[in-house]
Protein chains: 2
Amino acid sequence: MSKPLTIGFLAKAAEVNVETVRYYQRLGIIDEPEKPLEGYRVYPAETVDRIRFIKRAQQLGFSLKEIAELLEIGDGHCDDIRIKAEHKLAHVEQQIKDLQNLKNTLNTLIKSCIADKDTSHCPIVDSLVIK
Amino acid sequence: MSKPLTIGFLAKAAEVNVETVRYYQRLGIIDEPEKPLEGYRVYPAETVDRIRFIKRAQQLGFSLKEIAELLEIGDGHCDDIRIKAEHKLAHVEQQIKDLQNLKNTLNTLIKSCIADKDTSHCPIVDSLVIK
DNA sequence: ATAAACCCTGTACTTACATACAGAGTCAAG
DNA sequence: CTTGACTCTGTATGTAAGTACAGGGTTTAT
């Protein structure tokens with residue numbers, strides 16, 4: 001007999017904190033098994049996979065709320081999931097654009113800062129203050 | 001005599017919420033003028049510029065904590081500010097890379113989803129579940 | 001002169017994603 | 001059979017950047 005998959009072993013297997021497991025249960029994105037009258041809850045092995053799924057989806061930039069929706073849709077409705085992925089993709093593309101703008105601005109500021117080294121005022125501060 | 005710059009007019013001029021002004025005061029990133037025994041606080045016009053500075057710096061991706069540091073450094077230490085901007089730039093570049101990875105992954109998933117339309121399983125779900 | 005609009009202080013609430021802790025119960029190893 | 005490690009429930013705390021509100025006081029417009 002192998003050890004029963006109690007919350008501690010589950011957390012270890014899924015590489016998350018015990019408190020995180022409880023938190024996901026509170027959110028309803030993983031099931032909480034019935035508690036036996038005496039003893040501890042035992043989790044099915046799939047719960048490990050489910051937490052891994054959640055963590056991978058987070059790395060893809062999905063929020064827990066979005067992940068909850070993905071999980072509700074479940075298998076078999078591939079189109080819905082694809083559409084959500086497409087929305088997310090559009091959002092990510094916008095984020096990249098915004099960050100590239102920011103990058104250009106910072107670059108310009110840093111360059112003018114170096115060029116203006118002798119003046120008493122800081123071009124970066126100036127650029128922020130002067131509207 | 002023009003109207004005294006009370007918190008409401010200040011907020012309007014700087015295009016922020018009154019509560020935001022109070023919040024910034026609590027954070028210590030803008031000064032709170034002395035309250036006269038009777039009547040309301042009156043703000044100097046520079047406070048409008050300061051809030052504008054904060055808002056512009058936020059748009060550049062600086063957190064309020066980072067902005068507080070910028071403001072502490074103040075003018076005259078251009079090098080320090082430039083170095084902070086350079087750190088921020090490096091961070092932004094990393095963010096862009098991460099998002100581009102995410103974008104590629106999402107794209108791949110969406111394409112495989114469309115290609116595999118007939119199978120019963122969703123490639124996106126699979127890719128998340130299987131490891 | 002009175003009512004609407006504004007200010008003051010202090011505190012509580014919001015979202016997202018957890019993390020921590022108290023006080024009790026349970027299990028497993030020596 | 002005791003002790004240390006684990007689990008349970010419920011609640012509180014943490015961050016970031018605000019927003020909201022209660023119950024007062026003050027000012028301004030009519």
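Lettering follows sequence order; numbering is per chain, from 1.
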* From B:Asp79 atom CG to A:Ile114 atom CD1, the distance as rounded to the nearest 0.5 Å -> 9.0 Å

* **Closest-nucleotide 5' rank along DNA chain C - winner of A:Ser63 and B:Val42** => B:Val42

* Looking at D:dT19, C:dT19, D:dT7, which one has an atom nearest to any side-chain atom of A:Arg26? -> C:dT19

* Check whether any side-chain N or O of A:Thr20 sits under 4.0 Å from OP1 or OP2 of C:dA18, and answer yes or no. => no

* Structure fact -> Whichever of A:Glu32 and B:Asn17 has the more 5' nearest nucleotide on DNA chain D, that residue is A:Glu32

* Contact under 4.0 Å: B:Arg22 side-chain N or O vs C:dC8 OP1/OP2 -> yes

* Rounded distance in Å - CG (B:Leu64) to C1' (D:dT15) -> 12 Å

* OG1 on B:Thr47 to CD on B:Glu32, rounded to 0.5 Å -> 11.0 Å

* To do: Verify the contact: side-chain N or O of A:Gln58 to OP1 or OP2 of C:dA18, cut-off strictly under 4.0 Å; return yes or no.
  => yes

* Asked: How close or far is atom C1' of C:dA5 from atom CD1 of B:Ile7, stated in whole angstroms?
  -> 15 Å

* Asked: Tell me: CD1 of A:Ile29 to P of C:dA16, nearest whole Å?
  -> 13 Å

* B:Lys65 vs B:Lys35, nearer the 5' end of DNA chain D by closest nucleotide -> B:Lys65

* Structure fact -> note: B:Arg41, atom CZ; D:dT26, atom P; distance rounded to Å ~ 13 Å

* Close side-chain approach of B:Lys55 and B:Glu15, heavy atoms under 4.5 Å -> no

* Structure fact -> Whole-Å distance, A:Glu19 CD to C:dA22 P, equals 13 Å

* Structure fact -> Heavy atoms of A:Asn107 and B:Leu89 approach each other most closely as OD1-CD2, 3.4 Å

* **Residue-phosphate contact under 4.0 Å: B:Thr6 side-chain N/O, C:dC7 OP1/OP2** => yes

* Nearest 0.5 Å please: distance from the CD1 atom of A:Ile67 over to the CZ atom of A:Phe62. => 8.0 Å

* With rounding to the nearest 0.5 Å, note down the distance linking NZ in B:Lys88 to CD in B:Glu93. => 12.5 Å

Are there any protein N/O atoms within less than 3.5 Å of an N/O atom in nucleotides 27-30 of chain D, and if so, which ones and at what distance?
from	atom 1	to	atom 2	distance (Å)
D:dT27	OP1	B:Gly39	N	3.3

* Think B:Tyr24 has a side-chain N or O under 4.0 angstrom from the OP1 or OP2 of D:dG18? -> yes

* Asked: Can you check whether A:Lys55 has a side-chain N or O nearer than 4.0 Å to OP1 or OP2 of C:dC17?
  -> no

* What integer distance in Å separates A:Tyr23:OH from C:dC21:C1'? -> 18 Å

* To do: State, without any angle test, whether B:Gln100 and B:Lys103 hold a side-chain donor-acceptor pair at a distance under 3.5 Å.
  => no

* Could you give the CZ-to-P distance, from B:Phe9 to D:dT26, as a whole number of Å? -> 19 Å

* Structure fact -> To the nearest 0.5 Å, atom CD1 of A:Ile81 lies from atom CG of A:Leu71 at 8.5 Å

* Asked: Rounding to a whole Å, what distance do you find between B:Ile67:CD1 and D:dA17:P?
  -> 8 Å

